[in-house]
Trainee: 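A single structure is presented below for examination.
What you see is a predicted model; the values in this text were computed from it and never measured. A, B, ... follow the sequence lines: proteins, then strands. Residue 1 opens every chain. FYI, side chains are in, hydrogens and waters are out, and symmetry mates aren't considered; it's all heavy atoms of this structure.
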2 protein chains.
Amino acid sequence: MFHMEPEALERFTWYMREQSALTVMFHARVAEQMGLSATDEKCLDLAMRADGPLTAGRIAELSGLSTGAVTGVIDRLERAGYVRRVRDPHDRRKVLVEVTVGDVDKFGAPFEKARDSLVEVLGHFDGAELQVIERYLQLQIETFRKRVIDT
Amino acid sequence: MFHMEPEALERFTWYMREQSALTVMFHARVAEQMGLSATDEKCLDLAMRADGPLTAGRIAELSGLSTGAVTGVIDRLERAGYVRRVRDPHDRRKVLVEVTVGDVDKFGAPFEKARDSLVEVLGHFDGAELQVIERYLQLQIETFRKRVIDT
DNA sequence: TGGAACATCTTAGCCAGTAAGACAATTCCT
DNA sequence: AGGAATTGTCTTACTGGCTAAGATGTTCCA
């Protein structure tokens with residue numbers, strides 16, 4: 001455990017904040033590019049990052065929207081061709097939201113640009129350094145989720 | 001320059017994506033905690049991260065909202081006590097939006113938790129490793145802004 | 001000085017959001 | 001097994017923020 005000077009912590013806080021703002025802008029770009037509202041893109045992202053298909057109700061929970069709003073979201077996503085409604089064969093009350101776009105990472109210029117810039121950034125580091133960065137990212141995600149989101 | 005295996009790139013892409021989703025959730029938490037909509041919080045964040053006070057019009061540009069919408073945003077932020085309207089003495093058409101909350105980082109539990117988890121994460125690295133991470137963050141922010149946002 | 005350009009605010013109309021309840025399927029309980 | 005309670009989604013009525021267009025007040029410049 002290394003003790004950190006206050007100025008260093010301040011710098012890192014600034015990085016976090018900056019990264020955070022850029023991320024919000026990025027999502028706005030992606031949504032615009034895909035012809036979706038921020039809300040719809042957010043829900044689509046949830047559906048894509050999930051293991052299996054999500055139910056409409058689960059999307060409501062995860063997104064914080066009402067179930068009625070989610071009905072509208074899925075309507076629009078379905079009309080735009082990004083997802084498909086499938087009734088759950090085991091419980092026919094449920095509606096499974098299946099993402100129909102094979103590889104959405106390939107969808108839209110912002111994703112490609114993001115991927116490119118990631119490659120460019122990582123190209124500046126050697127193997128040992130990449131290990132440090134990877135450890136940092138894993139720890140950061142895990143800790144942030146545990147301490148900030150899941151509470 | 002180090003050549004990267006495809007699986008490693010895939011892992012890093014996943015980290016980016018995960019971080020991105022967590023960030024969006026974080027902003028939602030902050031907004032909720034402050035009693036603001038996502039839009040209002042986004043605009044307040046813009047005003048806080050700027051060097052000097054922003055004009056209403058500049059906030060419209062940066063946020064992508066119409067000027068009419070920004071009028072409403074500032075109304076709500078002002079009523080909630082986060083900002084104050086000040087007419088620009090040099091150009092009295094302009095409205096400068098002054099953030100009135102001294103240190104907004106101290107505002108709300110989510111910010112504190114985020115700060116705590118940052119300290120916790122960084123505590124797992126020694127000085128040399130922190131330098132690598134800092135270099136990574138700087139490069140990441142700079143590259144991402146240049147390649148993804150400013151185009 | 002008078003008109004064009006500019007910055008913000010106001011207004012009307014629209015669309016997405018919530019809350020409450022309807023409908024359909026499932027589960028529980030006796 | 002059969003009716004009641006529960007669950008999951010959709011529908012409806014209503015609210016509120018957003019856009020577009022125009023009004024108002026200010027500055028710039030010929």
Trainee: Is B:Arg85 close enough to C:dC9 that one of its side-chain N or O atoms is under 4.0 Å from OP1 or OP2 there?
Mentor: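 Affirmative; the distance criterion is met.
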Trainee: Do B:Gln140 and A:Tyr15 have side-chain atoms, one donor and one acceptor, less than 3.5 Å apart?
Mentor: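 Looking only at side-chain atoms, A:Tyr15 and B:Gln140 do not form any donor-acceptor pair under 3.5 Å.
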Trainee: Give a yes or no on whether a salt bridge exists between B:Glu78 and B:Arg84, defined as a side-chain N under 4.0 angstrom from a carboxylate O.
Mentor: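 No, this pair does not count.
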Trainee: Check whether any side-chain nitrogen or oxygen of B:Arg93 sits under 4.0 Å from OP1 or OP2 of C:dA5, and answer yes or no.
Mentor: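 No, because none of the side-chain N or O atoms of B:Arg93 sits under 4.0 Å from OP1 or OP2 of C:dA5.
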Trainee: What is the distance from CG of B:Leu36 to C1' of D:dG16, rounded to the nearest Å?
Mentor: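 Computing the B:Leu36:CG to D:dG16:C1' distance gives 15 Å.
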Trainee: Taking only N and O in the side chain of A:Arg76, is any of them less than 4.0 Å away from OP1 or OP2 of C:dG17?
Mentor: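 For C:dG17, OP1 or OP2 has a side-chain N or O of A:Arg76 closer than 4.0 Å.
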Trainee: So, B:Tyr136 and A:Glu129: side-chain donor and acceptor under 3.5 Å apart, yes or no?
Mentor: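 Distance-only check fails for B:Tyr136 and A:Glu129.
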Trainee: Which residue, A:Asp88 or A:Ser66, contacts DNA chain C at a nucleotide closer to its 5' end, judged by nearest heavy atom?
Mentor: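 With A:Asp88 and A:Ser66 compared, the 5'-side residue is A:Ser66.
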Trainee: What integer distance in Å separates B:Asp75:CG from D:dC18:P?
Mentor: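 Going from B:Asp75 (CG) to D:dC18 (P), I get 12 Å.
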Trainee: Return the nearest nucleotide to the side chain of A:Val73; candidates are C:dT26, C:dG17, D:dT27.
Mentor: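 When the side chain of A:Val73 is considered, C:dG17 is the closest of C:dT26, C:dG17, D:dT27.
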Trainee: Are A:Arg49 and A:Asp45 within salt-bridge range, i.e. N to O under 4.0 Å?
Mentor: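 Salt bridge: yes.
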Trainee: To the nearest Å, give me how far apart CZ (A:Arg92) and P (D:dC10) are.
Mentor: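 For the pair A:Arg92 CZ and D:dC10 P, the rounded distance is 14 Å.
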Trainee: Nearest whole angstrom, please: distance from the C1' of C:dA7 to the CD1 of B:Ile59.
Mentor: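 In whole Å, C:dA7 C1' and B:Ile59 CD1 are 13 Å from each other.
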Trainee: Is it true that atom CD of B:Gln138 has more than 12 heavy atoms of other residues, nucleotides or ligands lying nearer than 6.0 Å?
Mentor: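 It does: B:Gln138 CD has more than 12 such atoms within range.
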Trainee: What's the closest nucleotide to the side chain of B:Ala69 if the choices are D:dT19, D:dC10, D:dT27?
Mentor: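 My answer, after comparing the listed nucleotides, is D:dT19.
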Trainee: Do A:Arg93 and A:Asp88 sit within salt-bridge range, that is, some charged N less than 4.0 Å from a carboxylate O?
Mentor: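 Here A:Arg93 does not pair with A:Asp88 in a salt bridge, since their nearest N and O are not under 4.0 Å apart.
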Trainee: Closest to the B:Val95 side chain: D:dT19, C:dT8, D:dT9?
Mentor: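 So the nucleotide nearest the side chain must be C:dT8.
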Trainee: Can you check the A:Arg79 CZ to C:dC15 P distance for me, whole Å?
Mentor: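 Those two atoms, CZ and P, are 11 Å apart.
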Trainee: Let me know the distance between CD1 of A:Ile74 and C1' of C:dG17, rounded to the nearest Å.
Mentor: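 Value for this atom pair: 15 Å.
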Trainee: Has B:Ser37 got a side-chain N or O lying under 4.0 Å from the OP1 or OP2 atom of D:dG17?
Mentor: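 Result: no.
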Trainee: Where the side chain of B:Lys94 is concerned, which of D:dG8, C:dA7, C:dA25 is the nearest nucleotide?
Mentor: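 Given the options D:dG8, C:dA7, C:dA25, the side chain of B:Lys94 is closest to C:dA7.
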Trainee: Looking at every strand, decide which applies to B:Gly72 at a 4.0 Å heavy-atom threshold: base, sugar-phosphate, or nothing.
Mentor: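 The residue B:Gly72 makes no contact with any strand.
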Trainee: Checking contacts here: which listed nucleotide (D:dC18, C:dT26, D:dT11) is nearest the side-chain heavy atoms of A:Thr71?
Mentor: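 So the side chain of A:Thr71 is nearest to D:dT11.
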Trainee: Can you work out whether A:Asp91 or A:Gly64 has the more 5'-proximal nearest nucleotide on DNA chain C?
Mentor: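 So the residue in question is A:Gly64.
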Trainee: Looking at C:dA16, I'd like to know if its phosphate oxygens (OP1 or OP2) sit under 4.0 Å from a side-chain N or O belonging to A:Thr39.
Mentor: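 So the side chain of A:Thr39 is outside the cut-off, no N or O lying under 4.0 Å from OP1 or OP2 of C:dA16.
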Trainee: Within this structure, what is the CZ-to-C1' distance between B:Arg87 and C:dC6, rounded to whole angstrom?
Mentor: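 Result: 13 Å.
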Trainee: Return the value, rounded to whole Å, for the distance between atom CG of B:Leu96 and atom P of D:dT26.
Mentor: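 Going from CG in B:Leu96 over to P in D:dT26 covers 15 Å.
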